[in-house]
Every structure is written in C-alpha cells, then in structure tokens.
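Presented below is the structure to which this report refers.
Throughout, a chain's letter reflects where its sequence line sits, starting with A, and its residues are numbered from 1.
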2 protein chains.
Amino acid sequence: MNKSTENILKNSNLRNTHGRTSILEILTKAGKPITQEQIAVKLKKTLNKTTIYRNLESFLKAGMVHRVFLNQRMWAYELSHNCTENQCHPHLICRKCKKTTCITNCNIPLFDNIPGFKIERQKILFEGLCPGCQ
Amino acid sequence: MNKSTENILKNSNLRNTHGRTSILEILTKAGKPITQEQIAVKLKKTLNKTTIYRNLESFLKAGMVHRVFLNQRMWAYELSHNCTENQCHPHLICRKCKKTTCITNCNIPLFDNIPGFKIERQKILFEGLCPGCQ
DNA sequence: CAACAAATGCAACTAAGTTGCAAAGACAAA
DNA sequence: TTTGTCTTTGCAACTTAGTTGCATTTGTTG
Ligand SMILES: [Mn+2]
Ligand SMILES: [Mn+2]
Ligand SMILES: [Zn+2]
Ligand SMILES: [Zn+2]
C-alpha cells in the first residue's frame, strides 16, 4: 500500500498487486514467523492459497522473506530484515505455550571455525520458556 | 540383535522385536540423520511404513533418538548419543551436494543468557560447504 | 488504449505422516 | 510349555501441507 512497499516490489521486478502488498503488511505487523494459513485468515480480501504460496515464493527469491522451520510440519515465513547475511536471528519455541518468539536482542557470534567445513550461514533454534511463561 | 540393544529396549519397556533391532542397527550404521524412507530401503526384511514411524516414535519418547530438522518437508531421525542434555550437536547442509553432516568435533557453548528467556535446549543448523565440496 | 507478460483462481494431484482396527507376536506367570 | 494379556504389526483409508497445469484476469509499458 505505502510507497516503500511499492518500491520494494518494483526493485525486485515484482508487480504491485493487492495480494502482495497485503501479505507484506501482514508479515510486517506479525513481527514473527507465520504460516500460509495464518496469513490467509488475516487477509481482508481472500486470496487463493496457491497465490499466497506463490507470492511467498517470489518474496523468498527476492530475499525479502525467510522461511523458518519451527518443529512443526509446515513452513513459517517472516521478513528477513532482522537477519544478517550469514546468520538468521534465533527463535525460541516455548515449551509451555508453544509460541515462537524472535530473539533479536542478542549477539551470537558465527561459529565459522569448524575444521574442514565452510560455514556460510548459521541458524539457531532454542527450546525453553518465553518471558510470559516463567 | 546384540545384547546391548536388547537391554536398551528392555530398560525402556519396549518389546524386543525384529523391526526395532533392525531400525536401531540402521540408525547406528548411518551415523547421521535419516528419514523413514531411507530406513525402509535399508531394511532386509520389509516393515510397513506405519510400523517404522511408530517405532521411531517410541524411540523418541524413550530418548533414544532425536528428530532433526533439515530444511526439507520431512523428519530425519538419528541416535541421540552425540547430544548433551541441553544441546544437540549441530548439522551442516551442504549447498553443493545437499548432504547433511553431523558436526560432533566442535565445542559450541550454550547461549543461555538471553534476558527474559529460559533456554533449555539449543539446536544449530549450518549451511555451507562440506569437506568434499570445497 | 493495446499488447504482452505476469499474476491469479480453481481443481486435481502429490508427498509425508496419521488413524482405526483386526490379526499376529512378545513375554511372563502358571 | 501352555496360557493370558498386553504390545506390536500390517493394511487401507484418511489428513495435511504444499504443488502443478491451465484457462482467465490483471499490471505495466509504450
Ligand atoms: Mn524471527
Ligand atoms: Mn547428527
Ligand atoms: Zn510461552
Ligand atoms: Zn557437499
């Protein structure tokens, strides 16, 4: 909807459609990884699930979003603006409430000194308790 | 088949069946996370996939195996003997050959000092190049 | 506005894992 | 070693998450 979203799409050679801007808005508001289905229910004007998946795929290719694995059998997507080139910010899955939280206020070094391997990207998943569950 | 497998099963109140011992042998030989299907093709005497899943589930509950996430849409299972209580050993997925390697010769600290959170377990996934692909 | 490529909706399909149930098997007590 | 009971297994049908093909619609550029 807003100017910056429009420009982001243009710069990635993606057409400015209602679906795309809505999905980006929803991802921005979410502030954490969400699934296709969660996106679908938040949409004011419904979009076919195929379309949602295809849009997410195009965002992925353009580097605008990341696909995150969360111990369930489905993907979750989030804006990649809190990640560096070689490290996604970590996530925590709460043992009690099962919710996922982005951990962005931490400073975890990249462990790229593993003999024999070239480490390009590091992803960390924590299990434990979120602030609300202790 | 061997005595120790038998005892492991007994200690977990799991009956000593041919399927269980074969799956455990296969997991031991594999030395890395493998999927239900990969287990199935390695079996000398075929087992129904439901049975494989159910056995893996019982091993999981007993803490004998871990379920590992590998950027695909299916689970991989491995013996948990290379993990500590609060940290699975990391895995690397090679960008070139797509193979998964266990990283067991590293010493990565647990990042449990994240304000507001109680970290109980840490899982790391690396992307990069394996020794054979550089 | 016209032309064209890109995006969408729909229905059918695939893949991974799950469920219910009847039959077979493990194991311990007698 | 037989018996009884509880566990495990196989099978078929089902579920869930995501994908594919194709006809229609829409965005963008000139
Ligand atoms: Mn996040
Ligand atoms: Mn491993
Ligand atoms: Zn919680
Ligand atoms: Zn490799």
Taking only residues two or more places apart in sequence or in another chain, which ones pass ring-ring contact (aromatic ring centres under 6.0 Å, His included) with A:Trp75?
none
Considering only nitrogen or oxygen atoms on both sides, find all protein atoms under 3.5 Å from nucleotides 17-20 of chain C and state each distance.
residue, atom, partner, partner atom, Å
C:dG17, OP1, B:Trp75, N, 2.7
C:dG17, OP2, B:Tyr53, OH, 2.2
C:dG17, O5', B:Tyr53, OH, 3.1
C:dG17, N7, B:Lys49, NZ, 2.8
C:dG17, O6, B:Lys49, NZ, 3.1
C:dT19, O4, B:Thr50, OG1, 3.4

Hits for side chain to side chain contact (heavy atoms under 4.5 Å, CB included) against A:Thr46, two or more places apart or cross-chain, chain-then-number order -> none
Using only side-chain N and O atoms of B:Asn55, determine if any of them is under 4.0 Å from OP1 or OP2 of D:dT9.
yes
Rounding to an integer number of Å, can you tell me how far A:Leu56 CG sits from D:dA17 C1'?
13 Å
Spacing between A:Lys61 atom NZ and C:dA6 atom C1', to the nearest angstrom
12 Å
Give the rounded distance in Å between these two atoms: CD1 of A:Ile34 and P of D:dA17.
15 Å
Tell me: CD1 of B:Ile52 to P of D:dC11, nearest whole Å?
12 Å
May I have all residue pairs that pass salt bridge (Lys or Arg N to Asp or Glu O under 4.0 Å) and include part of residues 48-67 of chain A, sequence neighbours excluded?
none
In degrees, rounded to 10°, what is the bend between the two ends of the helix from C:dC1-D:dG30 to C:dA30-D:dT1, using five pairs at each?
40°
With ILVMFWY side chains joined below 4.5 Å, transitively, what does A:Phe117's cluster contain besides itself?
A:Leu92, A:Ile103, A:Ile108, A:Leu110, A:Phe111, A:Ile114, A:Ile119, A:Ile124, A:Phe126, B:Leu92, B:Ile103, B:Ile108, B:Leu110, B:Phe111, B:Ile114, B:Phe117, B:Ile119, B:Ile124, B:Phe126
Test: salt bridge (Lys or Arg N to Asp or Glu O under 4.0 Å). Region: residues 123-134 of chain A. Which pairs qualify, not counting sequence neighbours?
A:Lys123-B:Glu127, A:Glu127-B:Lys123
Spacing of B:Gln72 atom CD relative to D:dT19 atom P, expressed in whole Å
13 Å
Quick check: do A:Asn48 and A:Tyr53 have side-chain heavy atoms less than 4.5 Å from each other?
no
Atom CG of B:Leu43 and atom C1' of D:dT9: how far apart are they, to the nearest Å?
14 Å
Output all residues satisfying side-chain hydrogen bond (donor to acceptor under 3.5 Å, both in side chains) with A:Asn7, sequence neighbours left out; order by chain, then residue number.
none
Residues at least two apart in sequence or cross-chain that pass side-chain hydrogen bond (donor to acceptor under 3.5 Å, both in side chains) with A:Thr17, listed by chain then number, are none
Donor on one side chain, acceptor on other, A:Ser22 and A:Glu25, under 3.5 Å:
no
Taking salt bridge (Lys or Arg N to Asp or Glu O under 4.0 Å) as the cut-off, I'd like each qualifying pair that reaches into residues 83-110 of chain B, sequence neighbours left out, listed once.
A:Glu120-B:Arg95
Who passes side-chain hydrogen bond (donor to acceptor under 3.5 Å, both in side chains) against B:Asn86, sequence neighbours left out?
B:Thr84
Within the 4.0 Å limit for protein heavy atoms, which parts of nucleotides 25-30 of chain D are touched? Write it as a string from 5' to 3', B for base, S for sugar-phosphate only, - for none.
-BBS--
